Amino acid sequence: MADPITTLDNLLRPAFDAVAADAAPVDPVVRASEHADAQANGALGLAKRLGRPPRDVADEIVAYLNDSGVLDGICDGIEVAGPGFINLSLSPEFLGAEVAALIGDERLGVAEADTARTVVIDYSAPNVAKEMHVGHLRSTVIGDALVRLLGFLGHRVIRENHIGDWGRPFGMLIEHLIDIGADAAGEGLSQGDLDGFYKAANAKFDASPEFQERSRQRVVALQSGDAETTELWLRLVSMSTDYFNTVYRQLGVLLDDDDLMGESRYQDLMASTIERLDAAGLLVDSDGARVVFPDGFTNRDGDPLPLIIQARTGGFNYATSDLSCVIDRVERLGADLLLYVVGAPQRQHLEMVFEVARLAGWLAPPAEAVHVSFGNVLGADRKMLRSRSGDAVKLVELLDEAVERAAAAVADKNPDLDDAARAEVARLVGIGSVKYADLSTDRIRDYVFDWDRMLSFDGNTAPYLQYAHARICSIFRRADLDRDAFAAQWSDDPTAIIGLGHEAERTLAKRLLAYPSVIAAAAAGYEPHTVCTYLYELSQEFTAFYEHCPVLRAEEPTRRDRLLLCDLVARTLGHGLGLLGIDVPEQM
RNA sequence: GCCCCCGUAGCUCAGCUGGAUAGAGCAUCGGACUUCUAAUCCGUUGGCCACAGGUUCGAAUCCUGUCGGGGGCGCCA
């Protein structure tokens, strides 16, 4: 029940190698094809290497395949076309048996990774006492999808939420907390008015030299571990993280308090980090600051660009913190893959941090660090998405609006649902739409945020996929069949080969079998949108099947086979969306 | 000034480890509801894949340059 493309690739290799008749192995280059079920393109490259006409080489490979019989029962058509493509048609029996083998497989054909890695995924990272806005949406949603995806492949995944809970602003924030009283502050913060709190503190800081001085002293007290200051700081942090948790629950991501690894957690490691850099001979004094000059980075004037480890004032900065973080993840957690789900502007900084970590020997193969970068969320004007007031859009308000809009759509389209069901569907569809819109385009690009498009039931959207799933559930409800029980009934029956008499069924079977390849590709590139594209194609092919192939009214055994196909589509949709952190409704 | 990312249909996007006439959705126009949810489907129109070179039997895909958009470039995080 592997992807037939993979199966063919493996089976064709010996034939290509035999015709090549030398030691170098040949890639058959098997791809899905419009002209057949699959095409092997490798003969063209091989012909070049052998200095022979491509069609002759292709013919010889086909002859070898026919003589050896390796494709007997698998392919019922092998022919050379065009300049030397080898077109391969899969036999219905083979496809039917392969797809039937998925019925009893909870993993839908996806094997666990050969070598499990320990992966730290750094994502979300909101700032204490600051509102979560759309800027945090992408990191949180993409990171969550990667957590689920890599976890499913059997890797040991460690979630880390590197919240901004330390640094200069905290003197100001703590003093403001004291001024207005912890209870009043708690009330405001628990209601989600984090921006109000931050802005008030900031305004006071700008206006009052006396407040500035208090704030400066408070930072010193915080850094020196003053008990009262620490207690106030902890209150501030916990009020904020409580708020973050409500947003995470609303959004449906896995992050919780156990994943918090804020900047403050690395403060005690900083001194030794600097010592180790010094011992490695990497530290250089530059204008009174202690820096490292990794190769390949230059500043405006073309001079070497330093990574500043310790400022002239003696203070540490985020480079130091990020290096300590690498050490912690590799040495304490035993990670061999560090993923940073961080916006594209941080690229140079992260590359410098990674390079210095390599120079210091902290990031030695097989351990590696990857910047999983992403673009901005844009408004209709193609500029950074802003609220009407010009501020960043609050994430909670965005999510509330998504659910409201979905509720209106559901009420309009399916008035028969009762209030509770409608509210639940609206939640799944609304939140799912926002997440899907974020995940369904190549993350490296900016994307345009458009309510109407993401909530549309047409096109590559969450509602379209969710609707396909709901329709399948509806078929089983109509037949008074439990999906799981029905699948279980046939999962161990080797005679339950699914008949694929209609082209739409055949197309669906091939798509279902391609799931493992898609998951592998998505994981290899840290690209959730690969899964989205696949699920959309699956949904389109399902609706074509739905239009052309009656399920319940079909004669046995076609009825059974179509029900099994429906179940596999529903499971694949549910599973794939699940990997993206999106839930599927039973009805819509 | 240097570096990075992006540029595919009117709009929003796939395709980019090179493969046969470049795909979806929206929008346009024309069809399909006594039939498992028409929240759907089918058809139609629409492209010098930013531009110019190069590599190759073959380039949207790889290389170089140009143009356009965005971002980064020493003591904030």
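Letters go in sequence order (proteins before strands), and every chain restarts at 1. Since the structure is predicted, the reported quantities are computational estimates derived from the model, not experimental observations.
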- [ ] Please state whether the phosphate of B:U37, meaning OP1 or OP2, lies under 4.0 angstrom from any side-chain nitrogen or oxygen of A:Arg478.
- [x] yes

TODO: Using heavy atoms to find the nearest nucleotide of RNA chain B for A:Arg453 and A:Arg31 separately, return the residue whose nucleotide is more 5′.
DONE: A:Arg453

TODO: Based on the glycosidic angle (syn within 90° of 0, else anti), state the conformation of B:C33.
DONE: syn

- [ ] Could you let me know what B:G43 is paired to, Watson-Crick or G-U wobble, both distances under 3.5 Å, or none if it's on its own?
- [x] B:C29

- [ ] Using both distances under 3.5 Å as the test, list the Watson-Crick or G-U wobble partner of B:G53, or none.
- [x] B:C63

Open item on the list: Return the pairing partner of B:G68 with a 3.5 Å limit on both distances, Watson-Crick or G-U wobble; otherwise return none.
Closed with: B:C6

Open item on the list: Using side-chain heavy atoms (C-beta onward) and a distance below 4.5 Å, is A:Arg562 in contact with A:Ile498?
Closed with: no

Open item on the list: Tell me whether A:Phe85 and B:A20 count as stacked here, given that the ring centres must be under 5.5 Å apart and the planes must differ by less than 30 degrees.
Closed with: yes

Open item on the list: If you compare every side-chain N and O of A:Arg445 against the phosphate oxygens of B:G7 (OP1, OP2), does one of them come in below 4.0 Å?
Closed with: yes

Task: A:Arg382 vs B:C11: side-chain N/O to OP1/OP2 distance below 4.0 Å - done: no

- [ ] Kindly state whether the ring of A:Phe85 and the ring of A:His35 have centres lying under 6.0 angstrom apart.
- [x] no

Task: Pair A:Thr320, A:Asn317: side-chain N/O donor-acceptor within cut-off below 3.5 Å - done: yes

Open item on the list: Please compare A:Pro550 and A:Gln346 by the position of their nearest nucleotide in RNA chain B and report the one closer to 5'.
Closed with: A:Pro550

- [ ] Can you tell me the pairing partner of B:U35 across any strand shown, Watson-Crick or G-U wobble, with both distances under 3.5 angstrom?
- [x] none

TODO: May I ask which nucleotide in the shown strands pairs with B:G1, Watson-Crick or G-U wobble, both distances under 3.5 Å?
DONE: B:C73

TODO: Give the nucleotide from the list B:A20, B:A77, B:A14 with an atom nearest to the side chain of A:Tyr318.
DONE: B:A77

- [ ] Please determine, for B:U21, whether a Watson-Crick or G-U wobble partner exists with both distances under 3.5 Å, and give it or none.
- [x] none

